Engineer: 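Below are the structure tokens for one structure; questions will follow.
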Amino acid sequence: ANAARRRTVVSIYEELLAADPANEEYAQAVASLYRKIGDDPGRDAWLIRRARNTDLPAEIRSNALRTTAEEALAEAARDNEAGRREAAATLAARARQRLDEAIAISPGSLACHALRLHGVELEVAIARARRDAPRRTELEALLSRARRTADAVERAQRTSERTDEY
């Protein structure tokens, strides 16, 4: 009965979001309700649809992707610790793909770049544990490029902040 009520509330919020799609308070409520229902795949699909909605501002779209990537990385870390390397590698790669998309939408999002670094570091650790030297080498090169890009974004933000002070 509670799950049915939550689904009803989700549908009400979705109607509200249809009228005001950029309302983050409503969006966070929907995401939270999906979690309470225990429908993580539904929540993930809902966030992906939100990220693909080009009528929304770029920051909202990239944040939706970042949220799905965070969850995938958390699950990948749990799988890796439990020795489920294949599942962990798949989830980490999915998270990286979503973060790449989020960065394409909002290239200046330091949060997305930082999370991407964390994800690639996890992928390197998984490749090391699997003794997959070619994949590890490939991922370490990607990690190096990702660090340079994240550093450049951070420098640009610091420069912008200093300029704003004057």
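The structure displayed is predicted, hence computed values, not measured ones.
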Engineer: My understanding is that only residues two or more places apart in sequence, or in another chain, count here; which of them pass salt bridge (charged side-chain N to carboxylate O under 4.0 Å, His left out) with Glu59?
Structural biologist: none

Engineer: Name each donor-acceptor pair under 3.5 Å that joins a side chain in residues 51-58 to protein atoms two or more places apart or in another chain, with its distance.
Structural biologist:
unit_1	atom_1	unit_2	atom_2	d
Arg52	NH1	Glu101	OE2	3.3
Arg52	NH2	Glu101	OE1	3.3
Asn53	OD1	Asp55	N	2.9

Engineer: Distance from Asp151 atom CG to Leu110 atom CG, nearest 0.5 Å?
Structural biologist: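 These two atoms lie 9.5 Å from each other.
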
Engineer: Any salt bridge (Lys or Arg N to Asp or Glu O under 4.0 Å) pairs touching residues 17-27, not counting sequence neighbours?
Structural biologist: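 Residue pairs passing salt bridge (Lys or Arg N to Asp or Glu O under 4.0 Å), neighbours aside: Glu24-Arg50.
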
Engineer: To the nearest 0.5 Å, what is the distance between CZ (Arg98) and CD1 (Ile103)?
Structural biologist: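 Reported to 0.5 Å precision, the distance equals 14.5 Å.
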
Engineer: Between atom CD of Glu75 and atom CG of Leu91, what is the distance when rounded to the nearest 0.5 Å?
Structural biologist: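 Taking CD in Glu75 and CG in Leu91, the distance rounds to 4.5 Å.
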
Engineer: Using the side-chain contact (heavy atoms from CB on, under 4.5 Å) criterion, which residues pair with Ala93? Sequence neighbours excluded.
Structural biologist: Arg96, Glu123

Engineer: On a heavy-atom basis, which atom in Ala92 and which in Ile126 lie closest, and how many Å separate them?
Structural biologist: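 Where Ala92 meets Ile126 most closely, the heavy atoms are CB-CD1, 4.4 Å.
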
Engineer: Out of curiosity, Thr149 OG1 to Glu154 CD, how far, rounded to the nearest 0.5 Å?
Structural biologist: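 Here the rounded value is 13.0 Å.
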
Engineer: Would you mind listing every side chain to side chain donor-acceptor pair (under 3.5 Å) that reaches into residues 105-119, with sequence neighbours excluded?
Structural biologist: Ser62-Ser106, Asp100-Arg116

Engineer: How far apart are the closest heavy atoms of Leu99 and Ala69, and which atoms are they?
Structural biologist: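 Of all heavy-atom pairs spanning Leu99 and Ala69, the closest is CG-CB, 3.5 Å.
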
Engineer: Transitively linked via ILVMFWY side-chain contacts under 4.5 Å: Ile60 with Val30?
Structural biologist: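 No, no single cluster joins them.
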
Engineer: Are any of the side-chain heavy atoms of Ile12 and Glu15 separated by less than 4.5 Å?
Structural biologist: no

Engineer: Are the side chains of Ser144 and Arg148 in contact, using a 4.5 Å heavy-atom criterion?
Structural biologist: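 Yes, their side chains come closer than 4.5 Å.
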
Engineer: Considering residues at least two apart in sequence or located in another chain, which fulfil the salt bridge (charged side-chain N to carboxylate O under 4.0 Å, His left out) criterion with Asp39?
Structural biologist: none

Engineer: Nearest heavy-atom pair of Val153 and Gly108: which atoms, and what distance?
Structural biologist: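 Distance-wise, the nearest heavy atoms are CG1-O, 3.7 Å.
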
Engineer: Got more than 12 heavy atoms from elsewhere within 6.0 Å of CZ, Arg49?
Structural biologist: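 Correct, the count exceeds 12.
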
Engineer: Side chain to side chain contact (heavy atoms under 4.5 Å, CB included), that's the test. Do Asp44 and Thr67 meet it? Break it down for me.
Structural biologist: CA-CA 9 Å; Asp44 194 57; Thr67 298; over 6 Å; no

Engineer: Just how far is it from atom OG1 of Thr137 to atom CZ of Arg135, taken to the nearest 0.5 Å?
Structural biologist: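 Between Thr137 OG1 and Arg135 CZ, I get 11.0 Å after rounding to 0.5 Å.
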
Engineer: Among residues at least two apart in sequence or on other chains, which ones pass side chain to side chain donor-acceptor pair (under 3.5 Å) with Arg130?
Structural biologist: Glu86

Engineer: Not counting sequence neighbours, which residues clear side chain to side chain donor-acceptor pair (under 3.5 Å) with Asn80? List them please.
Structural biologist: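 With neighbours one apart ignored, the set is Arg85.
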
Engineer: What pair of heavy atoms forms the shortest contact from Ser11 to Thr8, and how long is it?
Structural biologist: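 The answer is OG-O, 2.6 Å.
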
Engineer: Go through the structure and list residues passing salt bridge (charged side-chain N to carboxylate O under 4.0 Å, His left out) with Arg84, not counting sequence neighbours.
Structural biologist: Asp79

Engineer: Could you walk me through whether Ile105 and Leu65 pass the side chain to side chain contact (heavy atoms under 4.5 Å, CB included) test, one step at a time?
Structural biologist: CA-CA 10 Å; Ile105 293 169; Leu65 286 165; 3.7 Å; yes

Engineer: Any chance you could measure Leu33, atom CG, to Glu14, atom CD, to the nearest 0.5 Å?
Structural biologist: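 If I round to the nearest 0.5 Å, the distance is 10.0 Å.
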
Engineer: Can you list, by chain and residue number, the hydrophobic cluster partners of Leu142 when the side-chain cut-off is 4.5 Å?
Structural biologist: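 Noted: Leu142 shares its cluster with Leu117, Val120, Val124, Leu139, Leu143.
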
Engineer: State plainly whether the residues Glu140 and Arg145 are in salt-bridge range, i.e. N to O under 4.0 Å.
Structural biologist: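 Not counted as a salt bridge, because no side-chain N and carboxylate O are separated by less than 4.0 Å.
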
Engineer: Side chains of Leu73 and Leu115: does their closest heavy-atom pair fall under 4.5 Å?
Structural biologist: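 Of all side-chain heavy-atom pairs linking Leu115 with Leu73, at least one is under 4.5 Å.
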
Engineer: Test of understanding: with side chain to side chain donor-acceptor pair (under 3.5 Å), list the residues that count as partners of Arg35, not counting sequence neighbours.
Structural biologist: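 In terms of side chain to side chain donor-acceptor pair (under 3.5 Å), with neighbours along the sequence ignored, Arg35 is linked to Glu71.
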
Engineer: Of all heavy-atom pairs between Ala18 and Pro21, which one has the smallest distance, and what is that distance?
Structural biologist: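 Looking at all heavy atoms of both residues, the shortest contact is O-CD, 4.1 Å.
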
Engineer: Is there a side-chain contact between Tyr34 and Asp40, using heavy atoms and a 4.5 Å cut-off?
Structural biologist: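 No; the side chains remain at least 4.5 Å from each other.
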
Engineer: Going by heavy atoms in the side chains, are Thr68 and Ile48 under 4.5 Å from each other?
Structural biologist: yes

Engineer: Any ring-ring contact (aromatic ring centres under 6.0 Å, His included) involving residues 10-30? Give me the pairs, sequence neighbours left out, ordered by first then second residue.
Structural biologist: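 ring-ring contact (aromatic ring centres under 6.0 Å, His included) check on residues 10-30 returns Tyr13-Tyr26.
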
Engineer: Less than 4.5 Å apart, any side-chain heavy atom of Leu16 and any of Asn23?
Structural biologist: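 SC-SC contact between Leu16 and Asn23 ruled out.
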
